[in-house]
Amino acid sequence: MGFLFVSLVPDSATQDTKMTLLPVKTRVQAVLQMAMVREFLAEFLSTYIMMVFGLGSVAHWVLSKDLGSYLGVNLGFGFGVTMGIHIAGNISGAHMNAAITFTSCALGRLPWKKFPVYVLSQFLGSFLAAATTFLLFYGAIMSFSGEQLIVSGPLGTAGIFATYLPDHMTLWRGFLSEVIVTGLLQLCIMAITDKKNSPALEGTHAVVIGILVVIIGISLGMNSGYAINPSRDLPPRFFTFIAGWGNEVFSTKNWWWVPVVAPILGAYLGGLVYLVFIEYSFPQEPQILENYKVSKDDGTPALPKTQPPLTSVNPNSVSTEVTPTVKSAPPPNDTIYIEHL
């Protein structure tokens with residue numbers, strides 16, 4: 001037994017709807033293909049991925065000592081960085097770090113007009129990652145802390161989302177630690193990506209930088225939690241303030257501003273150190289002025305290769321033969337060199 005369905009919408013109306021949707025789709029695609037929009041979305045998504053993996057690894061370590069470890073935290077953040085670079089590396093550079101973005105602008109490698117765009121996208125991605133982590137681990141957090149949101153102490157869970165200074169550290173020693181560690185991060189990243197030096201093999205930058213983050217965490221992360229990134233620390237801290245942990249997330253040891261200021265200062269100093277000690281020491285390659293040569297005999301410049309030789313014609317002669325008056329170019333070893341300033 002068959003059924004016959006009759007469309008109550010005229011074909012002309014359907015075609016009009018399609019014609020209306022096409023310009024909308026075209027406009028949306030045009031907006032998404034704008035360079036600034038693409039970079040914003042790339043930084044947002046790469047930071048989100050890095051932070052979800054990183055915060056998730058911290059949650060395992062805090063909430064279940066059997067399932068998590070400090071090494072696991074380092075691996076979570078390190079390979080989170082690797083995945084973020086694969087997502088956005090060829091679009092925005094995959095900074096995922098406001099300190100890296102600031103240094104890129106300060107050293108003239110990124111226009112300042114992009115600084116707020118990059119930082120805003122990183123902060124939004126990090127904030128959303130904190131919200132996602134809270135949603136996924138809400139039951140475990142409540143079970144661990146007895147249905148309370150506690151900042152510090154044996155049942156503290158705010159440390160899942162942001163860094164807090166341990167008891168053996170003072171504020172300014174923690175500040176110094178963040179400056180030095182972030183400086184090392186910036187310096188090593190510049191070395192890894194410097195094509196004039198000894199960069200990572202093509203296609204391996206993401207893995208190598210991820211391993212760098214793991215190494216920093218294993219060797220230097222104990223003192224301050226190696227925030228090394230304002231985009232990693234401040235947005236999740238603000239989320240915990242909203243979610244119910246309260247003012248203590250900002251007031252504890254007055255630490256909250258250090259992971260914002262110290263990494264920016266450290267990254268800039270690390271970039272300067274690499275430029276002065278390494279990049280500026282490279283010999284400048286000479287530029288060859290190919291079209292102009294110097295004659296061996298009289299030192300007068302010969303004409304470019306692309307220009308035909310000048311000829312001399314006797315007006316009293318009816319012959320069409322011409323005689324070149326310009327000497328041929330000398331061998332390549334007499335080439336003029338112009339040095340880059």
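Keep in mind it's a predicted model, so treat the numbers as computed, not measured.
- Around the CZ atom of F238, the shell of radius 6.0 Å holds no more than 12 heavy atoms that belong to other residues, nucleotides or ligands.
- Judged as a salt bridge (charged side-chain N to carboxylate O under 4.0 Å, His left out), and not counting sequence neighbours, the contacts of D167 are K253.
- Taking a 6.0 Å sphere around CG of N247, one finds it holds 12 or fewer heavy atoms contributed by other residues, nucleotides or ligands.
- One distance of note links NE2 of H86 with CD1 of I49; it measures 13.0 Å at 0.5 Å rounding.
- Counting only residues at least two apart or on different chains, the side-chain hydrogen bond (donor to acceptor under 3.5 Å, both in side chains) pairs with a member in residues 197-223 are H168-N223, N197-Y274.
- Using cut-offs of 30° and 60° for the angle between ring planes, the F239 and F161 rings count as tilted.
- Within a 6.0 Å radius of CH2 in W245, more than 12 heavy atoms belonging to other residues, nucleotides or ligands are found.
- Put simply, OG on S69 and CG on L75 are 7.5 Å apart, with the number rounded to the nearest 0.5 Å.
- Counted within 6.0 Å of NZ on K65, heavy atoms from surrounding residues, nucleotides or ligands total more than 12; the atom is thus considered enclosed.
- Between A98 and Q122, the closest heavy-atom pair is N-OE1, 3.0 Å.
- Legend: residues meeting side chain to side chain contact (heavy atoms under 4.5 Å, CB included) with L110, ordered by chain and number and at least two apart, are H95, T101, S104, C105, K114, Y118.
- L171 and I180 fall within the same hydrophobic cluster, where Ile, Leu, Val, Met, Phe, Trp and Tyr residues are linked whenever their side-chain heavy atoms come under 4.5 Å apart, directly or through other members.
- Contact between Y70 and M222 at its shortest, heavy atoms only, is OH-N, 3.8 Å.
- By the 30° and 60° cut-offs, the orientation of the rings of F115 relative to F102 is perpendicular.
- Judged as a salt bridge (charged side-chain N to carboxylate O under 4.0 Å, His left out), and not counting sequence neighbours, R173 has no contacts.
- The heavy-atom pair separating S145 from L155 by the smallest distance is CB-O, 3.6 Å.
- A cation-pi arrangement, defined by a distance under 6.0 Å to the six-membered ring centre and an angle within 45 degrees of its axis, is absent between R237 and F127.
- Between L187 and G270, the closest heavy-atom pair is CB-O, 3.9 Å.
- Residues V117 and F40 come closest through the heavy atom pair O-CD1, 3.6 Å.
- Environment of CZ in F277: sparse, with no more than 12 heavy atoms of neighbouring residues, nucleotides or ligands closer than 6.0 Å.
- Taking a cutoff of 4.0 Å between a charged side-chain nitrogen and a carboxylate oxygen, R109 and E279 qualify as a salt bridge.
- Taking 4.5 Å as the limit, every side-chain heavy atom of L269 sits out of range of all side-chain heavy atoms of Q186.
- Cluster partners of I211 are V207, I215, counting Ile, Leu, Val, Met, Phe, Trp and Tyr whose side-chain heavy atoms approach within less than 4.5 Å, directly or via other members.
- For T132, the side chain to side chain donor-acceptor pair (under 3.5 Å) partners two or more places apart in sequence, or in a different chain, are Y48.
- Of all the heavy atoms in A158 and V249, the pair that sits closest is CB-CG1, 4.5 Å.
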